Amino acid sequence: MRRNSLAFHLIASAAVWCALVLSVAGWLLSTLVGDMVESNFDARLSVLLEGLVAGSEIGPDGQLEVRPQLGEPRFTQPLSGWYWQIGAPDHPLDRSSSLWDQTLPVPPAPGGRPWTGVATDQAAGPWTGPWTGDVAGPDGQSLRLLVRLITLPDRAAPLLFAIAGDRAEIAAQKRRFDRLLTLALAGLLLVLLAALLLQVRIGLAPLRRIEASLAAIRAGRARRLEGRLPAELEPLALELNALLDHGEALVERARTHVGNLAHGLKTPLAVLHNEAERTEGALAVLVARQVEQMRRLVDHYLARARAVATGSVLGARTEVLPVLRDLARTLERIHIDRHDDGALAIELACPPGLAFRGARQDLEEMLGNLLDNACKWAAHRVSVEAARDAARLLVTIDDDGPGLPAERRAEVLERGRRLDEQVPGSGLGLAIVADIALLYAGRLALEAAPSGGLRVRLDLPAALGT
């Protein structure tokens, strides 16, 4: 998935929003559960304080007697983090064994007043509710402290009851919940991302079908966009099909004009040539020479114009093997009388299904010129091998003729250059092949054949698929 793709932007934006929403939800859940854990801890302290009050009484001698009913062994373990204390903050009457020789750091009463005489302070009014807060413990622990003034029977002055628990339990429960919440939200985010990925892939599947259809049109396997598409993409398919039809109509019109131009020019040129042949004199020779040159130029540029028109049509596709077979059959008959000791053999090596991404007449023009040239110069045999390399069609033609020196191979590709004036031809064949190949982003190359003759390599675009 590329960073500039539509799928990446959809998934990335959705992932950011999902992560943001889940983060806010996780923070709210963590805060709510944290408050609930602290409330439960305070309720537990309140229950323990009530047990401490229930186990306290004033003896016959007026002294405080404490028999706590707490059920918590940590009140007897020194500096365990769980403590209770009865009496004034600076002079406790009794305390838990876990305090050892320490006292609980009880802060002032609400409003900053001292605990002594709070319940009887008429100016400030009686204080009735308990107080809960956080303080530092004797061993450096962070304690949750619950303080309450209680008046016991047979005692006029109230006593300060204080009980404290280690906040480490609250922190541990919060951490455990936060860890589980983080894992759950991370898993939920992954599930959401997987669902988003699946949704995006399903949602963009019609675009991939359009891409495949366009590739099939370009490769020549189809002519139009077919198949049902979502309502949002149907206008796009209709416009693309209309564009393809319009382009094909323009090319057909151009091809018709090219044909009309060919017929319109060849007839006057033929008349001029015939008249020049029947007339003697320098003027007749000059006219015949110029007419022949014009015929060559017309043939050359008409071939180029036809190649430009057919090469621009999407979907053009031509099987190579049938074209080679037809050309070989025709050329063997044409050149049979030129060999005294036997017929010319044209050997073909081409796999079935190999196709050229272009018009049939252009492939026939290129291969026909190359094979005709090889047959003219071959002694007995011409071999043709066609193959596909990635997206390219490679055609190699070898003959067993005299060959061509390396310094002359570039010359014969020039328009009108001929290898030998004794051999029939206009000298335009190889130049036309090179021009048509160039219009298809191809290339024509001349090399030495292993048999000593000439090897011609033609590189053209291949039609992929079947």
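It should be emphasised that the depicted structure is a prediction, and the values quoted were computed from it without experimental measurement.
- In this structure, Asp166 has no side chain to side chain donor-acceptor pair (under 3.5 Å) partners at least two apart in sequence or on a different chain.
- Nearest approach of Gly137 to Leu143, heavy atoms of both residues: CA-CD1, 3.3 Å.
- With respect to the salt-bridge test (charged N to carboxylate O, under 4.0 angstrom), the residues Arg392 and Asp389 do not qualify.
- When the salt bridge (charged side-chain N to carboxylate O under 4.0 Å, His left out) test is applied to Glu226, no partner is found at least two apart in sequence or on another chain.
- One finds a salt bridge joining Lys174 and Glu38 here, because a Lys/Arg side-chain nitrogen approaches an Asp/Glu carboxylate oxygen to under 4.0 Å.
- When all heavy atoms of Ala437 and Arg443 are compared, the pair lying nearest together is CB-N, 4.1 Å.
- Using a 4.5 Å heavy-atom threshold, the side chains of Thr132 and Val147 count as separate.
- Judged as a salt bridge (charged side-chain N to carboxylate O under 4.0 Å, His left out), and not counting sequence neighbours, Glu385 has no contacts.
- Without hydrogens or angle criteria, Thr318 side chain to Arg360 main chain gives a donor-acceptor distance under 3.5 Å.
- Note: Leu370 CG to Glu365 CD = 10.5 Å, rounded to the nearest 0.5 Å.
- Between Pro158 and Ile150, every side-chain heavy-atom pair lies at or beyond the 4.5 Å cut-off.
- A donor-acceptor pair under 3.5 Å is absent between the side-chain atoms of Thr330 and the main chain of Leu327, judged by distance alone.
- A salt bridge is absent between Glu211 and Arg209: the closest approach of a Lys/Arg side-chain nitrogen to an acidic carboxylate oxygen does not fall below 4.0 angstrom.
- The CG atom of Leu233 sits 10.0 Å away from atom CG of Leu240, with the distance rounded to the nearest 0.5 Å.
- The side chain to side chain contact (heavy atoms under 4.5 Å, CB included) test with Phe356 is passed by exactly one of Val323, Leu363, Leu367: Leu363.
- Other residues, nucleotides and ligands contribute more than 12 heavy atoms inside 6.0 Å of the CZ atom of Arg208.
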Working note: Trp82 + Leu48, criterion side chain to side chain contact (heavy atoms under 4.5 Å, CB included); need CA distance, chi angles, decisive distance, verdict.
CA-CA 11 Å; Trp82 287 83; Leu48 292 174; 3.7 Å; yes
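- Between the CG atom of Leu243 and the CG atom of Leu225 there is a distance of 10.5 Å, given to the nearest 0.5 Å.
- Within the structure, the salt bridge (charged side-chain N to carboxylate O under 4.0 Å, His left out) test picks out no pair touching residues 179-203 (sequence neighbours left out).
- Scanning for side-chain contact (heavy atoms from CB on, under 4.5 Å) contacts around Leu321 gives Arg325, Cys350, with sequence neighbours left out.
- Evaluation of the side chain to side chain donor-acceptor pair (under 3.5 Å) rule for Gln199 yields no partner, not counting sequence neighbours.
- Sequence neighbours left out, the pairs with a member in residues 68-83 that pass salt bridge (charged side-chain N to carboxylate O under 4.0 Å, His left out) are Arg44-Glu72, Glu72-Arg74, Arg74-Glu169.
- Between Ile397 and Val395, the closest side-chain pair of non-hydrogen atoms falls below 4.5 Å.
- The side-chain hydrogen bond (donor to acceptor under 3.5 Å, both in side chains) contacts involving residues 11-35 comprise Ser30-Asp178, where partners must be two or more places apart or lie in separate chains.
- Within the 4.5 Å cutoff, the side chain of Leu79 has no heavy atoms near those of the Ser98 side chain.
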Working note: Arg67 + Glu57, criterion side chain to side chain contact (heavy atoms under 4.5 Å, CB included); need CA distance, chi angles, decisive distance, verdict.
CA-CA 9 Å; Arg67 292 183 292 275; Glu57 62 180 9; 2.5 Å; yes
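- Atom CD in Glu364 sits 11.5 Å away from atom CG in Leu371 (nearest 0.5 Å).
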Show your reasoning for whether side chain to side chain contact (heavy atoms under 4.5 Å, CB included) applies to Leu145 and Leu104.
CA-CA 9 Å; Leu145 178 65; Leu104 284 175; 4.1 Å; yes
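- Sequence neighbours left out, not one pair with a member in residues 143-198 passes ring-ring contact (aromatic ring centres under 6.0 Å, His included).
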Step by step, would you call Leu159 with Thr151 a side chain to side chain contact (heavy atoms under 4.5 Å, CB included)?
CA-CA 6 Å; Leu159 292 175; Thr151 302; over 6 Å; no
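- From Arg457, atom CZ reaches atom CG of Leu444 across 11.5 Å, with rounding to the nearest 0.5 Å.
- A salt bridge is absent between Arg381 and Asp400; no separation between the charged side-chain nitrogens and carboxylate oxygens falls under 4.0 Å.
- Annotation: side chain of Val456 is not in contact with side chain of Glu447 (no heavy-atom distance under 4.5 Å).
- No donor-acceptor pair under 3.5 Å is formed between the side chain of Ser96 and the backbone N or O of Tyr83.
- Contact check for Leu52 versus Val66: side-chain heavy atoms found under the 4.5 Å cut-off.
- Looking at every heavy atom in both residues, Ser56 comes nearest to Leu64 through CB-CD1, 4.3 Å.
- The line from CZ of Arg148 to OG of Ser46 is 7.0 Å long, rounded to the nearest 0.5 Å.
- Contact check for Pro60 versus Glu65: side-chain heavy atoms found under the 4.5 Å cut-off.
- In this view, Glu239 satisfies the salt bridge (charged side-chain N to carboxylate O under 4.0 Å, His left out) rule with no residue, not counting sequence neighbours.
- Applying the salt bridge (charged side-chain N to carboxylate O under 4.0 Å, His left out) criterion to Asp399, with sequence neighbours excluded, gives no partner residue.
- You'll find the side chain of Gln85 reaches within 4.5 Å of the side chain of Val106, heavy atoms only.
- For Arg144, the side chain to side chain donor-acceptor pair (under 3.5 Å) partners at least two apart in sequence or on another chain are Asp42, Asp134.
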